[in-house]
Amino acid sequence: MKTTLRTHTCGELNASHIGETVTLCGWIQKIRKLGGMTFIDLRDRYGITQLAFNEETNPELCRQIEPFGREWVIQVTGRVEERYSKNKNIPTGDIEILSEKITVLNESLTPPFTIEDESDGGDELRMKYRYLDLRRNPVKNNLLFRHKLGIAIRNYMNNIGFVEIETPMLVNSTPEGARDFVVPSRLSHGEFYALPQSPQTFKQLLMVSGFDRYFQIVKCFRDEDLRADRQPEFTQIDCEMSFVTQEDILQTFEGLIKYIFKEIKGIDIEPIERITWHDAMKYYGSDKPDARFGMRFVELNKVLQHKDFKVFNEAELVVGIVAKGCAHYSRKQLDELTNFVKRPQVGATGLVYVQCQEDGHFKSSVDKFYDQNDLQAVAKECGAEAGDLILIMAGPRMKTQTQLCQLRLEMGSRLGLRKAGEYKLLWVVDFPLLEWDEETQRYYAMHHPFTAPKPEHEDMLESNPGAVNANAYDLVINGTEVGGGSIRIHDKELQKRMFKALGFTEEEAQKQFGFLMNAFQYGAPPHGGLAFGFDRMCSVLCDADTIRDFIAFPKNNAARDVMLGAPTPISDAQLKELGLK
RNA sequence: GGGCCGGUAGUUCAGUUUGGUUAGAAUACAUGCCUGUCACGCAUGGGGUCGCGAGUUCGAGCCUCGUCCGGCCCGCCA
């Protein structure tokens, strides 16, 4: 790291350098004045080195550093000395620089928050001064982690023959999927480009072109509301392969994931378990189950729909989970859980519990309707033992599954079952091809309109579209959807039928996706692929809750860049030029 | 579009339940002392439109209404 201005970095000097004269550059982390003795911690990307100043031996230098403050940028030359009192906590703790010459490269205002691992600054302030925040180790290390992960992925993909190809950022808007970010055209007034939600169609065209193994680490844009794990611009590891079946794709990318865990985390992962979408919904109430813990759903319709309890009898689904060892929960704790599911975010009307007491008795919130034998049957069905707590919800199937899923995750968290550092990976397979939307009274593609139906279900595309499964799959890690993909339609006729099932007229389909269907007339190979969320992959591997920590300059909740102040109005002249005024 | 939480010193927060004298703490900053610190220590000091607006009241950081900003979530995200 030697340059004209420095001989070493602030992280590399140790006892072996004692006696050498060195020049360092960096930021002042901290100044400690002890009267005749002054110490400065000098920081750069690589670490911290202590500079020592002695009033007796070098009074002029001590006078020079008098006005120095935090975050000033200085260049220092001096001799590497062994310390009187060593600091075991840092790699450079055995030595210090007995300074001889100091140059101020730049002064600094006092930063609005402390540049330390545990900063005193809140999120908002740190975002506004993100360039200062990035000086802090935790954030800096996240970006270094991201870099390392990116390099590992590129290496692996290159080694197995994948070619990285860039695709355009100015594309056209399509009605399907997420809202588009649009860019007005100056040369064609009244017309707009869209920023890509993903390079989906381009990678399929690249398959037609014969690049049978393509990938790209690429920015994608979606104009939807944000979350801790959703940013309007985010990065995908976008991949596509030709002459493959679903099995080839799952195997290929299981290899990549295995390599990443080994290379980055030093973990040998088990072969990735597969679960059908149907089973994921049935047992976890979610298409992205956190499988670090069991607490699987047990359907209780048969066991509970024979008494006078209307709520259960009229429900499409009665379903429960077992919280191990929670029979002792107090009234207050049970009320808390009830309130949890009644919150508008969950939206349940109530929660039924059965306590399997140590003495073999059962106590429940529905004792009025069910006797000990009934409750014993429930416990047996659920596999609950003495000391366990059974939590039961009822209602419309999908809604109830989703609600119980949230309760399951809540219980998992309360019981410490969602352990950091433990990774449970799942391939969720056999997604439905289409999803019915009540509001618009039509089917939507669950994945996207280019996803191939399972060949054995193709016949039902017209007769029973809702029952058709797709050759589509998601990779789920600890309850986070980290990636997903599908085998694509490569046949023009099948693609036409798909558009028809989605309610497109032939003209609409031709207008929007004609380029793709035209391309399919020139020898499209069978192909498929997937895309991983790069930001999410970083956060999941680091057990972080938010992807923002892994993005150098992220947007806030309202999709604003608080540092830039973006978005901003533009001038009338610009609007005019774009034909918007 | 909706739900919940927050906004008080440069910063992080307490104070709001029960309205009442001069709004506190820590840290940062400044000054002085200190020759082995590394979360240095000690002393002193400056620093506040209590997000903004309206209302209730003799009196509002505290109560009411509105509004803006931030965070988490639901909807949304093929």
Side-chain angles (χ1 to χ4, degrees), chain A residues 29-42 48-57 62 66-67 69-71 81-90 92-93 96 98 109-129 132 174-180 197-198 200-201 220-232 234 339-340 342-347 399 402-403 406 409-410 431-435 437 439 442-451 470 472 481 484-486 498 502 531 533 545-546 548 556-558 560 562:
Chain A
Q29 173 76 26
K30 189 126 210 177
I31 303 173
R32 290 181 293 277
K33 290 181 179 159
L34 286 83
M37 203 75 203
T38 298
F39 299 103
I40 291 180
D41 285 342
L42 192 67
I48 283 181
T49 299
Q50 175 167 287
L51 315 178
F53 301 85
N54 195 319
E55 176 68 37
E56 229 163 65
T57 57
C62 286
E66 194 68 23
R70 282 163 50 203
E71 302 304 313
E81 301 267 316
E82 184 171 8
R83 287 202 202 180
Y84 287 116
S85 50
K86 299 184 171 44
N87 183 349
K88 296 286 171 221
N89 298 321
I90 56 173
T92 62
E96 65 193 4
L98 188 59
L109 296 174
T110 301
F113 51 86
T114 56
I115 312 295
E116 283 161 7
D117 290 6
E118 297 287 333
S119 173
D120 64 1
D123 291 348
E124 196 181 347
L125 197 70
R126 292 194 291 109
M127 284 307 160
K128 188 170 174 193
Y129 297 92
L132 297 180
T174 55
E176 296 287 295
R179 237 173 253 119
D180 286 315
Q197 297 177 24
S198 88
Q200 181 60 37
T201 47
C220 301
F221 305 86
R222 290 175 193 178
D223 188 8
E224 296 293 344
D225 285 1
L226 289 82
R227 292 284 189 280
D229 64 349
R230 262 163 41 189
Q231 284 272 301
F234 62 101
N339 288 335
F340 174 84
K342 280 183 166 175
R343 283 160 55 235
Q345 280 89 337
V346 181
K399 204 172 151 192
T402 309
Q403 290 166 347
Q406 295 189 61
L409 292 175
E410 171 69 15
F431 275 74
L433 182 71
L434 302 164
E435 212 175 4
D437 180 61
E439 203 179 314
R442 57 161 276 207
Y443 281 103
Y444 281 86
M446 195 147 182
H447 193 57
H448 58 56
F450 318 111
T451 298
E481 180 195 330
S486 62
M498 179 69 178
L502 291 171
D545 296 325
T546 163
R548 287 178 205 178
N556 78 359
N557 242 7
R560 301 195 70 91
V562 292

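Numbered from 1 within each chain, the chains take letters A, B, ... in sequence-line order.
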Original post:
Can Ile90(A) and Thr49(A) be said to form a side chain to side chain contact (heavy atoms under 4.5 Å, CB included), step by step?
Top reply: CA-CA 9 Å; Ile90(A) 56 173; Thr49(A) 299; over 6 Å; no
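With rounding to the nearest 0.5 Å, the separation of CD1 in Ile31(A) from CZ in Phe53(A) is 8.5 Å. Between atom CD of residue Gln197(A) and atom OG1 of residue Thr174(A) there is a gap of 5.5 Å, rounded to the nearest 0.5 Å.
Remark: C1' of G10(B) and CZ of Phe113(A) are 12 Å apart, rounded to the nearest angstrom. Here the C1' atom of nucleotide G36(B) and the CZ atom of Arg32(A) are 10 Å apart, to the nearest Å. One interatomic measurement links the two molecules: CG of Asp180(A) to C1' of C77(B), which rounds to 12 Å at whole-angstrom precision. Note: CD (Gln403(A)) to P (C73(B)) measures 19 Å, nearest angstrom. In this structure, Glu81(A) places its CD atom 20 Å from P of U35(B), rounding to the nearest Å. Note: NZ (Lys128(A)) to P (G71(B)) measures 14 Å, nearest angstrom. Atom CD of Glu116(A) is separated from atom C1' of C38(B) by 12 Å (rounded to the nearest Å). If you measure from atom CG of Asp120(A) to atom P of A14(B), you get 15 Å, rounded to the nearest angstrom.
Note on Arg83(A): every side-chain N or O is 4.0 Å or more away from OP1 and OP2 of U37(B). Phosphate contact (OP1/OP2 of U35(B), side-chain N/O of Asn54(A), threshold under 4.0 Å): absent. At the phosphate of G32(B), neither OP1 nor OP2 sits under 4.0 Å from any side-chain N or O atom of Lys33(A). Distances shorter than 4.0 Å separate some side-chain N or O of Asn557(A) from OP1 or OP2 on C72(B).
No engagement by Thr546(A) is indicated, since no non-hydrogen atom pair under 4.0 Å with the nucleic acid exists. Residue contacts shown for Pro449(A) include a base, since a base heavy atom lies under 4.0 Å away. If you check every strand for non-hydrogen atoms under 4.0 Å, Arg548(A) touches sugar and phosphate atoms only. Counting any heavy atom pair closer than 4.0 Å across all strands shown, Glu56(A) reaches a base atom. Within the nucleic acid shown, Tyr444(A) has no heavy atom closer than 4.0 Å to any nucleic acid atom. Residue-level contact check: Ile90(A) touches neither bases nor backbone, having no heavy atom under 4.0 Å from any strand. Across all strands shown, Glu96(A) has heavy atoms under 4.0 Å from base atoms, whether or not it also approaches the sugar-phosphate. At the heavy-atom level, Gln50(A) lies under 4.0 Å from base atoms of the strands shown. Arg227(A) comes within 4.0 angstrom of a base, heavy atoms only.
Remark: the separation of the P atoms in C63(B) and G6(B) is 11 Å, to the nearest Å. Look at the C1' atom in both C5(B) and C13(B): the space between them is 16 Å, to the nearest Å. Spacing between C29(B) and G10(B) at atom C1', rounded to whole Å, works out to 8 Å. Comparing G59(B) with U22(B), their P atoms are spaced 16 Å from each other, to the whole Å. A30(B) and C73(B) are spaced 39 Å apart, taking the P atom of each and rounding to whole Å. If you take atom P in A39(B) and the same atom in A23(B), they sit 36 Å apart, rounded to whole Å. For the C1' atom pair drawn from A26(B) and U8(B), the interatomic distance equals 15 Å after rounding to whole Å. Across the P atoms, C77(B) and C4(B) are found 24 Å apart, a figure rounded to whole Å.
A distance-only check finds no donor-acceptor pair linking the side chain of Glu71(A) to the backbone of Pro111(A) [under 3.5 Å].
Of all heavy-atom pairs spanning Lys30(A) and Glu116(A), the tightest one is NZ-OE2, 4.1 Å. Closest non-hydrogen pair, Met37(A) versus Ala52(A), comes out as CE-CB, 4.3 Å.
Nucleotide C4(B): paired with G71(B) (Watson-Crick or G-U wobble, both distances less than 3.5 Å). Of the nucleotides present, G55(B) is the one that pairs with C63(B) by Watson-Crick or G-U wobble criteria, both distances under 3.5 Å. Of all nucleotides present, none satisfies the Watson-Crick or G-U wobble test against A14(B) with each distance under 3.5 Å. Across all strands shown, G41(B) forms a Watson-Crick or G-U wobble pair with C33(B), both key distances being under 3.5 Å.
You won't find any donor-acceptor pair under 3.5 Å spanning the side chain of Asn556(A) and the base of G71(B), going by distance alone. A donor-acceptor contact under 3.5 Å links the side chain of Gln345(A) to the base of C73(B). Below the 3.5 angstrom threshold, one finds a donor paired with an acceptor across the side chain of Arg230(A) and the base of C76(B). At a cut-off of 3.5 angstrom, counting only N and O atoms as typed in the model, there is no donor on one side facing an acceptor on the other between the side-chain of Asp123(A) and the base of G70(B).
Comparing C77(B), C72(B), C69(B) by their nearest atom to the side chain of Arg222(A) picks out C77(B). Distance from the side chain of Phe39(A) is smallest for U37(B) among the nucleotides C76(B), G70(B), U37(B).
Under a 4.0 Å N-O distance rule, the pair Asp41(A)/Arg32(A) qualifies as a salt bridge.
Side-chain atoms of Thr92(A) and Gln50(A), non-hydrogen and from C-beta on, never get closer than 4.5 Å to each other. Taking 4.5 Å as the limit, every side-chain heavy atom of Glu124(A) sits out of range of all side-chain heavy atoms of Asn556(A).
For the pair Ala558(A) and Gln197(A), both in contact range of RNA chain B, the more 5′-proximal nearest nucleotide belongs to Ala558(A). Each of Glu176(A) and Thr110(A) has a nearest nucleotide on RNA chain B; the 5'-most of these lies closest to Thr110(A).
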